[in-house]
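Structure, as structure tokens:
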Amino acid sequence: MDVFNNATYTSLADAMLPHTQNTYWHEFSEISRYNVQLNYFERLWAAWYAFMGNDVLATGIMSFLMHELVYFGRSLPWMIVDRIPAMNKYKIQNQKVPSTKEQWDCAKLVLLSHFTVELPQIWLFHPMAQYFGLATSVPFPTVWTMACQIAIFFVLEDTWHYWTHRALHWGPLYKNIHKIHHQYSAPFGLAAEYASPIEVMILGLGTIGSPILWCAITKDLHILTMYIWIVLRLFQAIDAHSGYEFPYSLHHFLPFWAGADHHDTHHEKFIGNYSSSFRWWDYALDTESGPEATKRRRERKLAKAKAA
């Protein structure tokens, strides 16, 4: 936060530690005293940046912790569901329930990827985005502003994901990069980011790059919007890999939403259904996979033959 960024550091150690001897709650108290117009959450936010005195460090720590808590926190319920026999009827490939060993092996590779690939990206995000005008200050943007921007990010990311994911299914790229992700033909939530480091960087660029592109063009992006977007994107990716289809799954109410059945088929058939969040790219470019898509192609072929 610019207003708290006036400190100068005499050593790297100084720069890596909170710039004040005051406690976090002392900073919160001071900010609350002189900024009564801010809501409680905005005061918590401002106190964190004031306490740290280093925007890059404050954002990096908060971003990485948020990512880990959301990723494993959202994966945990699916791990529990996998152990409940009564839920097996909702499992799309119900003959393939991941074992505890498979879950643990997956978690180890995902953690390695998080610390070696994603942590540096997260750390570099703030200075890069701030260069293009990212805001970390308070007050926060309106709910409407954040909702509109996040909707745009979903569309942009889905487009990037479709084309790069489809490219990763080209022979050499699949063999050398994408094959790792397809180790599990029946996916589970924790496997959403089970992939090679190169794939994590390629597909992750759609998630991180879309907001940066927006920020570079409009100069209007708050990091809170970015955080909410990341949380929703993680939920989408983990749920799409969950392997479960329920009567109340979102695509039953939003037909263009992809969901678990869309991506589960991709893992089972190893082809088609390349999009992440929406179905329109696969529909428009005839790359849908599964029995219904096969039936539609057969019907079109027969209709074309009759017309000829």
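Note that the structure is a prediction, hence the values are computed from the model and not measured.
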Distance-only polar pair, side chains of [X] and [Y], donor-acceptor under 3.5 Å:
X	Y	result
Trp160	Ser210	no
Tyr194	Gln183	yes
Ser276	Gln236	no
Asp282	Ser275	yes
Asn35	Glu42	no
Thr145	Thr142	yes
Gln93	Asp264	yes
Glu193	His114	yes
Tyr227	Ser63	yes
His181	His165	no
His252	Glu245	yes
Ser137	Tyr49	no

* Could you walk me through whether His178 and His169 pass side chain to side chain donor-acceptor pair (under 3.5 Å), step by step? => CA-CA 7 Å; His178 192 50; His169 274 263; 3.2 Å; yes
Identify the heavy atoms of [X] and [Y] that sit nearest to each other, and give their distance.
X	Y	result
Phe140	Val138	CE2-CG1, 3.9 Å
Trp229	Thr207	NE1-O, 2.9 Å
Ser185	Lys96	OG-NZ, 3.1 Å
Lys91	Pro98	NZ-CD, 4.1 Å

Ring centres under 6.0 angstrom apart ([X], [Y]):
X	Y	answer
Trp78	Tyr244	yes
Phe278	Tyr283	no
Phe28	Trp25	yes

* Would you check if Phe154 and Thr159 make a side-chain contact, meaning some heavy-atom pair closer than 4.5 Å? => no
Please verify the inter-ring angle class for [X] with [Y]; under 30° counts as parallel, over 60° as perpendicular, anything in between as tilted.
X	Y	value
Tyr174	His182	tilted
Phe246	Tyr248	parallel
Tyr184	Phe188	perpendicular
His267	His263	perpendicular
His222	Trp45	tilted

* To do: Output, in order, the C-alpha distance, side-chain angles, deciding distance and verdict of side chain to side chain donor-acceptor pair (under 3.5 Å) for Ser277 and Trp257.
  => CA-CA 6 Å; Ser277 298; Trp257 185 255; over 6 Å; no
* **Between NZ on residue Lys179 and CG on residue Leu168, distance to nearest 0.5 Å** => 14.5 Å
* How many angstroms lie between atom CG of Asn88 and atom CZ of Arg83, to the nearest 0.5 angstrom? -> 10.5 Å
* **Derivation of the side chain to side chain donor-acceptor pair (under 3.5 Å) call for Tyr274 and Thr164** => CA-CA 9 Å; Tyr274 300 115; Thr164 52; over 6 Å; no
